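Inspection log for the structure reproduced underneath, given as structure tokens.
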Amino acid sequence: MRRHIVLFSLLVCLAVSPIASAAMVHQEWWTGVAHSRQAIIDFLEDLVNPVPTPDYEGILEESRFAGSRDNYVAKFYGWVTVPETGTYQFHYACDDYGMLYVSQDEEMANAVEVAWVDGWTNIAEWNKYPTQHSEPMQLRKGQVMAVMAFFEEAGGGDNMDIGWTGPSPLSSDITNPTYLTDYITHIPPTPTLARGPKPE
């Protein structure tokens, strides 16, 4: 019964939230999973439409998270709009093992792994592993991108942070990136009608 109440609350939030709302969807599965990125993939079976159904689903109003549970798998997802044309990188920190997927368009199914944590990091510890940083990518102003993040927590602290660096007004320091908070929404965008039109 509790799951239905939580999911109903999510639907109400989606119905009344403004389009510009800066938030992500947060899901949790309360179960023990082995320590590895592959274990997360194997457990969820389908990262875009996870199986099994989550035990919790709600709205996270920040692109950072610190909880107090043990033995669970978490997923966070939303859509981010590029503020200016230029070179960007995405950055990820989590406790424990986890990975960050980014799509070049609004389709979650097109997202690929761009950064990951093979172990654990403290909150906002952006530079513990080289793999926490994506390769630089050229993005254009107004481009909508799907973003998914996952991690599994065994015991002790649990946290998750997603950031990016790029042209002003974003940070250019990969050890202190800008959080996605002001640029991400949990509301699916209208599908792009034309990709790469010339002229734009």
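Nothing here was measured: the structure is a model prediction, and the numbers come from that model.
For the 3.5 Å distance criterion, the side chains of Glu62 and Thr181 fail to qualify, holding no donor opposite an acceptor. Side-chain N/O atoms of His133 and Asn127 include a donor and acceptor closer than 3.5 Å. Between the side chains of Thr178 and Ser171, not a single donor N or O lies within less than 3.5 Å of an accepting N or O.
Looking at heavy atoms from C-beta onward, Met24 lies in side-chain contact with Ser63 at the 4.5 angstrom threshold. Side-chain atoms of Asn122 and Asn159, non-hydrogen and from C-beta on, never get closer than 4.5 Å to each other.
Smallest separation of non-hydrogen atoms from Pro189 and Val144: CG-CG1, 3.8 Å. Residues Trp120 and Lys128 come closest through the heavy atom pair O-NZ, 2.9 Å. When all heavy atoms are compared, the tightest approach of Met160 to Tyr92 is CG-OH, 3.4 Å. The shortest heavy-atom contact between Leu139 and Gln143 is CA-OE1, 3.5 Å. The two residues Gly166 and Tyr88 come nearest to each other via the heavy atoms CA-CD2, 3.9 Å. Heavy-atom minimum distance, Ala111 versus Met148: CB-CE, 4.0 Å.
We find the CZ-CG distance between Phe151 and Asp96 to be 8.5 Å, quoted to the nearest 0.5 Å. Note that CG of Asp105 is 12.0 Å distant from CH2 of Trp79, once rounded to the nearest 0.5 Å. Going from atom OG1 of Thr131 over to atom CD of Glu113 covers 8.5 Å, rounded to the nearest 0.5 Å. The distance from atom CG of Asp70 to atom CG of Asp158, rounded to the nearest 0.5 Å, is 7.0 Å. To the nearest 0.5 Å, atom CD1 of residue Ile184 and atom CG of residue Leu60 are 9.5 Å apart.
Val102 and Tyr129 fall within the same hydrophobic cluster, defined by Ile, Leu, Val, Met, Phe, Trp and Tyr side-chain heavy atoms under 4.5 Å apart, directly or through other members. Both Ile59 and Met108 belong to a single network of hydrophobic side chains, linked directly or stepwise wherever heavy atoms of I, L, V, M, F, W or Y lie under 4.5 Å apart. Cluster annotation: Tyr179 and Val117 are assigned to distinct hydrophobic clusters (Ile/Leu/Val/Met/Phe/Trp/Tyr, side-chain heavy-atom contacts under 4.5 Å, transitive). Cluster membership for Ile162 and Ile174, using ILVMFWY side-chain heavy atoms within less than 4.5 angstrom, is not shared.
Aromatic pair Tyr77/His26: centroids not less than 6.0 angstrom apart. Between Trp116 and Tyr97, the gap from one ring centroid to the other reaches at least 6.0 Å.
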Checking side chain to side chain contact (heavy atoms under 4.5 Å, CB included) for the pair Phe90/Thr165: CA distance, chi angles, key distance, verdict?
CA-CA 7 Å; Phe90 287 82; Thr165 49; over 6 Å; no
Candidate pair Trp164 and Leu180, rule side chain to side chain contact (heavy atoms under 4.5 Å, CB included), full reasoning
CA-CA 7 Å; Trp164 60 342; Leu180 289 179; 3.4 Å; yes
Test side chain to side chain contact (heavy atoms under 4.5 Å, CB included) on Val114 and Glu135; report intermediate values, then the result.
CA-CA 7 Å; Val114 298; Glu135 293 295 323; over 6 Å; no
Please lay out, stage by stage, how Met137 and Gln89 fare under the test side chain to side chain contact (heavy atoms under 4.5 Å, CB included).
CA-CA 6 Å; Met137 55 186 77; Gln89 282 183 277; over 6 Å; no
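Note: Tyr72 and Phe65 have perpendicular aromatic rings, judged against thresholds of 30 and 60 degrees for the angle between ring planes.
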Which donor-acceptor pairs under 3.5 Å do side chains of residues 40-52 form with protein atoms, sequence neighbours excluded?
unit_1: Asp42; atom_1: OD1; unit_2: Gln38; atom_2: NE2; d: 2.9
unit_1: Asp46; atom_1: OD1; unit_2: Val48; atom_2: N; d: 3.0
unit_1: Asp46; atom_1: OD1; unit_2: Asn49; atom_2: N; d: 3.2

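Take Ser172 and apply the side chain to side chain contact (heavy atoms under 4.5 Å, CB included) test, not counting sequence neighbours, and it matches no residue. The salt bridge (Lys or Arg N to Asp or Glu O under 4.0 Å) test applied to Asp118 returns Arg37, not counting sequence neighbours. Ala93 pairs by the side chain to side chain contact (heavy atoms under 4.5 Å, CB included) definition with Thr121, Trp126, Gln132, Asp161, not counting sequence neighbours. Partners of Glu28 by salt bridge (Lys or Arg N to Asp or Glu O under 4.0 Å), not counting sequence neighbours, listed by chain and number: Arg69. Residues meeting the side chain to side chain donor-acceptor pair (under 3.5 Å) test with Ser134, sequence neighbours left out: none.
In this structure, Asp55 contributes its side chain and Trp30 its backbone to a donor-acceptor pair below 3.5 Å. The main-chain N or O of Arg140 is never found under 3.5 Å from a side-chain atom of Thr85 such that the two would form a donor-acceptor pair. Formation of a donor-acceptor pair under 3.5 Å by the Ser103 side chain with backbone atoms of Glu106 is not found in this model.
In this structure, Lys75 fails the cation-pi test against Trp29, since its NZ or CZ atom is not both closer than 6.0 Å to the six-membered ring centre and inside 45 degrees of the ring normal.
The only option from Val82, Thr81, Leu170 that meets the side-chain contact (heavy atoms from CB on, under 4.5 Å) definition with Tyr183 turns out to be Leu170.
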